[in-house]
Protein chains: 2
Amino acid sequence: MKSISRKTIDRALLYIRALENLLKEKRDKISSLELADITGSSDVQIRKDISFFGKVGTPRIGYETKKLKDILENFILQNNVVHIALFGVGNLGKAILKYPGFQTDKIKLVAAFDKAKSKLLKEINGIKIYPVERSVELIKKVHAEIGIIAVPPRSSQEVADIMVKAGLKGIINFAPSCISVPKNTFVKNIDFSIEILSIFSHTQFQK
Amino acid sequence: MKSISRKTIDRALLYIRALENLLKEKRDKISSLELADITGSSDVQIRKDISFFGKVGTPRIGYETKKLKDILENFILQNNVVHIALFGVGNLGKAILKYPGFQTDKIKLVAAFDKAKSKLLKEINGIKIYPVERSVELIKKVHAEIGIIAVPPRSSQEVADIMVKAGLKGIINFAPSCISVPKNTFVKNIDFSIEILSIFSHTQFQK
DNA sequence: TATTAATCGTTACTAATTTCACGATTTGCT
DNA sequence: AGCAAATCGTGAAATTAGTAACGATTAATA
């Protein structure tokens, strides 16, 4: 059996979000073309992605919104709640702690760490901030799976090492620096500067 | 002549960042293999990317750090300073306003807008916050090229429309919602929840 | 100056991804 | 019931991206 591709997964997450919004609007049917319009993809791409999960739609009608959402979610997220550990409670870290998208049923921020004594034991949005020294112990205790690096670049490798040690299998790195980790640890780098320069370059080189 | 690919551009931006760091450490030579180690890419990939810009390296030695950085920057960024307009000064917007990476010579945050009366006329990090009503006028005046959406999802389309009207050619959308824009406007969506679920899924499906 | 070892640059190959084209299916209509 | 229209699902073609292999080049060394 063919395994699912990363790209299909990422697009499916986008589809899921769109389907949730459609459900809120009581739209119970959706065609690949409409979903393409909403998500900025193409109808063929969507049908191809969905075909991985079997025959889900009905010709002439399209897909049942709820059914499609359930199928995608069940396969991709498998009823998991993702537990997050955050390192760095500066401006960005605070924004993440307060991010409304994490109060959902799928993602739960369970631990936050910082070096600065002044920030410790405070609570933001119901999450206590602990000293970095206790991080490995606490991450294991709360069973976090994914870590977020929101510290200055000079400390990012140090934090990455801690995360690996604590058993985190995925890392989102907001620091503008490369980190090195074992091959079985997934890293997604989000460097605001690079994102902006990337978009800008694309506007320059578009045909 | 073949045109440069988006992927090459994005990787080149990563190379540039790495080269800048190497320069700070007074490293004046770098091989494709070392650069691959740092950036998490492969040496072949790097040589292939760089080959687009001509013969830059010298066999047996590698690349001159400064020369390579200059070549990449000159081609991709063309000595431009990218001017940014920010919409939404909530938690995330504030973090962006204070983001140290934007005080560089390449990126300049030039305008910030919010709906809330209470936030107007305040100044964060030297940038005044203006009412959304004045945004089209001001964006044109300061010649911003790229817009950042950091407003709640229900307002994101409205903001996107304003950005298009004001002539912005690239948009970074932090709102967890899809926006629709003309084809010649580039959009990069960064949805924290989706990024996390994506990483998590990849850890689940890794072979 | 010839030799050696390292590293670049490039062509050919392989893999992954997207797009195309079209048959199959289903519903609604007459 | 039969037909028409819409939409799915999919194998094949086309495109794009990445990898491997290796010749070409250069600097260091004996």
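Please read these numbers as outputs of a predicted model, since none were measured by experiment. Labels below follow one simple rule: chain letters A, B, ... track the order of the sequence lines, proteins then strands, and each chain is numbered from 1.
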Q: From NZ of Lys7(B) over to P of dT19(D), roughly how many Å is that when rounded to an integer?
A: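 Roughly 11 Å, once rounded to whole Å.
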Q: Determine which pairs satisfy side chain to side chain donor-acceptor pair (under 3.5 Å) with at least one residue from residues 53-64 of chain A, sequence neighbours left out, and list them in order.
A: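 Of all non-adjacent pairs touching residues 53-64 of chain A, none passes side chain to side chain donor-acceptor pair (under 3.5 Å).
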Q: What integer distance in Å separates Asp10(B):CG from dG18(D):P?
A: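 From Asp10(B) CG to dG18(D) P: 11 Å.
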Q: What pairs with Ala144(B) under side chain to side chain contact (heavy atoms under 4.5 Å, CB included), at least two apart in sequence or on another chain?
A: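 Applying side chain to side chain contact (heavy atoms under 4.5 Å, CB included) to Ala144(B) gives His83(B), Ala85(B), Val110(B), Ile139(B), Val142(B), Leu168(B).
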Q: Which whole-number value in Å describes the distance from Asp43(A) CG to dC22(C) C1'?
A: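 The distance from CG of Asp43(A) to C1' of dC22(C) comes to 14 Å, rounded to the nearest Å.
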Q: What residues in residues 53-66 of chain B put a non-hydrogen atom under 4.0 Å from any atom of DNA chain D?
A: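 Output list: Pro59(B), Arg60(B), Ile61(B).
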Q: Donor-acceptor pairs under 3.5 Å, side chain of residues 172-180 of chain A to any protein atom, not counting sequence neighbours: which ones?
A:
unit_1    : atom_1 : unit_2    : atom_2 : d
Asn173(A) : OD1    : Ala175(A) : N      : 3.0
Asn173(A) : ND2    : Ala175(A) : O      : 3.4
Asn173(A) : ND2    : Ser177(A) : O      : 2.8
Asn173(A) : ND2    : Asn189(A) : OD1    : 3.0
Ser177(A) : OG     : Ser156(A) : OG     : 2.7

Q: Less than 4.0 angstrom between a side-chain N/O of Arg47(B) and OP1 or OP2 of dC8(C), yes or no?
A: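 The answer is yes; a side-chain N or O of Arg47(B) sits under 4.0 Å from OP1 or OP2.
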Q: Could you pull out all residues at least two apart from Lys140(A) that satisfy side chain to side chain contact (heavy atoms under 4.5 Å, CB included)?
A: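 Applying side chain to side chain contact (heavy atoms under 4.5 Å, CB included) to Lys140(A) gives Val136(A).
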Q: Listing time: all N or O pairs from protein to nucleotides 11-13 of chain C that are below 3.5 Å?
A:
unit_1  : atom_1 : unit_2   : atom_2 : d
dA12(C) : N6     : Lys48(B) : NZ     : 3.2

Q: Which residues within residues 28-39 of chain A lie with some heavy atom under 4.0 Å of an atom in DNA chain D?
A: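 Those residues whose heavy atoms fall under 4.0 Å from DNA chain D, taken from residues 28-39 of chain A in numerical order, are Ser31(A), Ser32(A).
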Q: Starting the side chain at C-beta, find the nucleotide from dT18(C), dG9(D), dG9(C) nearest to Ser51(B).
A: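 Of all the options, the side chain of Ser51(B) is nearest to dG9(C).
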Q: Would you please name every residue forming a side-chain hydrogen bond (donor to acceptor under 3.5 Å, both in side chains) with Asp114(B), sequence neighbours left out?
A: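 Residues passing side-chain hydrogen bond (donor to acceptor under 3.5 Å, both in side chains) with Asp114(B): none at all.
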Q: Give the ring-plane orientation class for Phe52(B) versus Phe75(B), where under 30° counts as parallel, over 60° as perpendicular and anything between as tilted.
A: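 The rings of Phe52(B) and Phe75(B) stand perpendicular, inter-plane angle above 60°.
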Q: Is there a side-chain contact between Phe113(A) and Ile129(A), using heavy atoms and a 4.5 Å cut-off?
A: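 A side-chain contact under 4.5 Å is absent here.
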Q: Mind calculating the distance between CZ (Arg6(A)) and P (dA17(D)) to the nearest angstrom?
A: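 The distance from CZ of Arg6(A) to P of dA17(D) comes to 17 Å, rounded to the nearest Å.
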Q: Figure out the CZ/P separation between Phe52(A) and dT18(C), and round it to whole Å.
A: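 For the pair Phe52(A) CZ and dT18(C) P, the rounded distance is 15 Å.
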Q: Tell me which donor-acceptor pairs under 3.5 Å the side chains of residues 9-17 of chain A have, and how far apart each pair is, sequence neighbours excluded?
A:
unit_1   : atom_1 : unit_2    : atom_2 : d
Asp10(A) : OD1    : Ser198(B) : OG     : 2.6
Asp10(A) : OD1    : His202(B) : NE2    : 3.4
Arg11(A) : NE     : Asp49(A)  : OD2    : 2.7
Arg11(A) : NH2    : Asp49(A)  : OD1    : 3.0
Tyr15(A) : OH     : Asp49(A)  : OD2    : 2.7
Arg17(A) : NH1    : Asp191(B) : OD2    : 2.6

Q: Between dA16(C) atom P and Ile9(A) atom CD1, what is the distance in whole Å?
A: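 Atom CD1 in Ile9(A) sits about 14 Å away from atom P in dA16(C).
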Q: For Arg11(B), answer base if it contacts any base atom (sugar-phosphate contacts may also be present), sugar-phosphate if it contacts only those atoms, and nothing otherwise; contact means non-hydrogen atoms under 4.0 Å.
A: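 If one applies the 4.0 Å heavy-atom cut-off, Arg11(B) turns out to touch the sugar-phosphate alone, with no base involved.
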Q: Between atom CD in Gln45(B) and atom P in dA15(C), what is the gap in whole Å?
A: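 Rounded to the whole Å, the gap is 17 Å.
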Q: I need the full list of salt bridge (charged side-chain N to carboxylate O under 4.0 Å, His left out) pairs touching residues 154-166 of chain A, with sequence neighbours left out, sorted by first then second residue.
A: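 Non-adjacent pairs meeting salt bridge (charged side-chain N to carboxylate O under 4.0 Å, His left out): Lys115(A)-Glu158(A).
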Q: Check the distance between dT10(C)'s C1' and Lys2(B)'s NZ and give it to me in whole angstrom.
A: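 Interatomic distance, NZ of Lys2(B) to C1' of dT10(C): 13 Å.
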Q: Kindly list each side-chain donor-acceptor pair under 3.5 angstrom involving residues 29-41 of chain B, sequence neighbours excluded, with atom names and distances?
A:
unit_1   : atom_1 : unit_2   : atom_2 : d
Ser31(B) : OG     : Leu33(B) : N      : 3.4
Ser31(B) : OG     : Glu34(B) : N      : 3.2
Ser31(B) : OG     : Glu34(B) : OE1    : 3.2
Ser32(B) : OG     : Arg47(B) : NH1    : 3.1
Glu34(B) : OE1    : Ser31(B) : N      : 3.0
Glu34(B) : OE2    : Arg27(B) : NH2    : 3.1
Thr39(B) : OG1    : Leu35(B) : O      : 2.8

Q: Quick one: side chain to side chain contact (heavy atoms under 4.5 Å, CB included) partners of Leu23(A), sequence neighbours excluded?
A: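 Per chain and number, Leu23(A) pairs via side chain to side chain contact (heavy atoms under 4.5 Å, CB included) with Thr65(A), Lys66(A), Lys69(A).
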